[in-house]
Amino acid sequence: MTGTTVLSQTHFLSLTNNQPHCFELSHSFNEKGWLCLLKRCNSMEEFKQVHAHVLKWGIFFDSFCMSNLVATCALTKWGSMDYACSIFSQMDEPCSFDYNTMIRGSVNNMRFEEALLLYVEMLEGGIEPDKFTYPFVLKACSLLGARNEGVQIHGHVFKMGLEGDVFVQNSLINMYGKCGAVECARDVFDKMGEKSVASWSAIIGAHVCVEMWNECLMLLGEMSREGRCRVEESTLVNVLSACSHLGSPNLGKCIHGILLRNISELNVVVETSLIDMYVKCGCLEKGLRVFEKMSEKNRYSYTVMISGLAIHGHGKEALKVFSEMLEEGLAPDDVVYVGVLSACSHAGLVDEGLQCFKSMQFEHGIEPTVQHYGCMVDLLGRFGMLKEAYELIKSMLIKPNDVIWRSLLSACKVHHNLEIGEIAARNLFVLNQNNTGDYLVLANMYAKAQKWDDVAKVRTKLAEKNLVQTPGFSLIETKRKVYKFVSQDKSTQQWNTIYDMIHQMEWQLKFEGHIPDTSQVLLDVDEEEKRERLKCHSQKLAIAFGLIHTSEGSPLRITRNLRMCSDCHTYTKYISMIYEREITVRDRHRFHHFKDGTCSCKDYW
DNA sequence: TTAGGGTTAG
């Protein structure tokens, strides 16, 4: 506990951790004693008293003393950047040390523009920046996403002859990475002599920023092969994020192994990343095991667990974990409520969702954001309560975005309500006219209602706008390698074998009574062509590849970038039964676990 | 004279 401070004319008394410190000011203050006192300050109150005495003793204009006052004020947790600025402004000749302190303090206090202005002021004042200046100036650029400024500063680094400093190089890699210029980051990295762990973390982080997940994993491999740097937690957190995005549990498990071998006690950040990786890779059980074993849980860990249970359709369990979080005394925030409401939505828990939406606002004082409304519209809409969903949108205090209207439109498609669907589409097209998927959903609804003129109108609009559909793809991992398939894909060398398998599967499916749902194909082609197109959707190609390259009975895991079409959903249910395989598919919204001809979503998705 | 540098989860 930090107690009160009483500073008299002759004594400085501070109660730190209940230990009184008493100094004879007359003996110690005017020499090095003031530095001692400065170091013992624990609050601005105490600092101001030391400052007052510095002024009283007339040592204020000693530059060494001023530098230390500024540094203490700008860099301690309890300090004040404004107060530091006021002392700094009184300095006649601030040196590079003072500028470095002020730049660092500004960055730590999220005052990034100010940090850059200080740097400019420093240059204009003819004060030469040193190797300590650049890491923080570059950090300001990364956090501002200021690539142009970063490039100029990179030029200054060369001019100053500091391009060989490992900290400056690491900062450059980070700056380029955060600004999305991965090639420039790579250039700095490749030219480095000795690389530190931070260099590897920074370059992997740079690839994470631009979602080059495979490259992240390759870099980790390179790092281990080089063997000079010990892999640290922070490096692996980045790689775990790559595994989550790739949906690659085997690689994720390897990383977990490396962590367990190298680090005796994992910290809460790493454990949270592990849970996130496992649940996003479809291994909910493993995620739960990590979660249960955690010695310390915070709001982040609860959020990943709740959202994880949500995307696997375990709404009731997600609500149970949420209750545990509240019992632990952790205050919920807006992000955890997004997880809670989406858990209700994925599992069709309408009453519970409505209840949570109310308690979020009235018990916990959290204003609903557009994401919360999105979850609620999704929850009501999926359940068929389309009028209620529409009423909720109309009652919103904030402007609904395209995601909200899209959610209503897709619910209208599922429940065949063209009237509200058209309202949703109209509003949606005001906000976003360039999403091909939206036009296709509307066209699909018209097609179901046999309104062919309207289908034609939507198609014409698509053509006029020159919109191209986002190419759907499916990823599958076998033997620790991730393979990517797009619809009608013939790019792989083995395409002949894969298409033979597709053909074989088609016969099996026909025998079991599967009828392809050609309404999913909105092309003006005959039925036969539609069936041909349908059977080569990326997910089916990935399944065929998986069946060829994995041993009998082993599970298949597929990750997709888009939502699954209903034909792929039915098809995969049949395949799980015919080939006796458990198939987990992660689409844009959630996980589907197919087993013995059924899906864990119970066809509610 | 002083102190100071990179990276990490929903």
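- You can call A:F167 stacked on the base of B:dG5; the centres are under 5.5 Å apart and the planes sit within 30°.
- Side-chain proximity of A:N298 to the nucleotides B:dG4, B:dA9, B:dG5 is greatest for B:dA9.
- The side chain of A:S201 approaches B:dT7 more closely than any other nucleotide in the set B:dG4, B:dG10, B:dT7.
- A:V197 comes within 4.0 angstrom of a nucleotide base, judged by non-hydrogen atoms across all strands.
- Whole-Å rounding puts the A:I203 CD1 to B:dT8 P distance at 14 Å.
- The side chain of A:S67 has B:dT2 as its nearest neighbour among B:dT2, B:dG5, B:dT7.
- If you measure from atom NE2 of A:H207 to atom P of B:dT7, you get 17 Å, rounded to the nearest angstrom.
- Nearest to the side-chain atoms of A:V269 among the listed nucleotides B:dG5, B:dT7, B:dT8 stands B:dT8.
- At a cut-off of 3.5 angstrom, counting only N and O atoms as typed in the model, there is a donor on one side and an acceptor on the other between the side-chain of A:D165 and the base of B:dG5.
- Side-chain proximity of A:D333 to the nucleotides B:dG10, B:dG4, B:dA9 is greatest for B:dG10.
- No close placement of the A:Y119 and A:Y99 rings is indicated, their centers lying 6.0 Å or farther apart.
- You'll find the ring centres of A:Y337 and A:F357 outside the 6.0 Å limit.
- Here the side chain of A:N174 is nearest to one of B:dG4, B:dT7, B:dG10, namely B:dT7.
- In the interface, the side chain of A:N170 is not paired with the base of B:dG5 through any donor and acceptor atom under 3.5 Å apart.
- For the pair A:M277 CE and B:dT8 C1', the interatomic distance rounds to 15 Å; values are reported in whole Å.
- Close placement of the A:H312 and A:H593 rings is indicated, their centers lying within 6.0 Å of each other.
- Residue contacts for A:K280: at a heavy-atom cut-off of 4.0 Å it reaches no nucleic acid atom on any strand shown.
- Between the CH2 atom of A:W200 and the CZ atom of A:F189 there is a distance of 4.0 Å, given to the nearest 0.5 Å.
- For B:dT7, one of the phosphate oxygens OP1 or OP2 lies less than 4.0 angstrom from a side-chain nitrogen or oxygen of A:K139.
- Note: CE (A:M192) to P (B:dT7) measures 13 Å, nearest angstrom.
- The side chain of A:D130 has B:dG4 as its nearest neighbour among B:dG10, B:dG4, B:dT8.
- Between A:F47 and A:H51, the ring-plane angle classifies as tilted under the 30° and 60° cut-offs.
- Checking B:dT7, B:dG4, B:dG10 against every side-chain atom of A:N100, the shortest atom distance belongs to B:dG4.
- The base of B:dT8 has none of its N or O atoms less than 3.5 Å from a complementary donor or acceptor on the side chain of A:N238.
- The interatomic distance linking A:I173 (CD1) with B:dG5 (C1') rounds to 14 Å, in whole Å.
- By the 5.5 angstrom centroid cut-off and the 30-degree plane limit, A:F64 is classified as stacked against the base of B:dT1.
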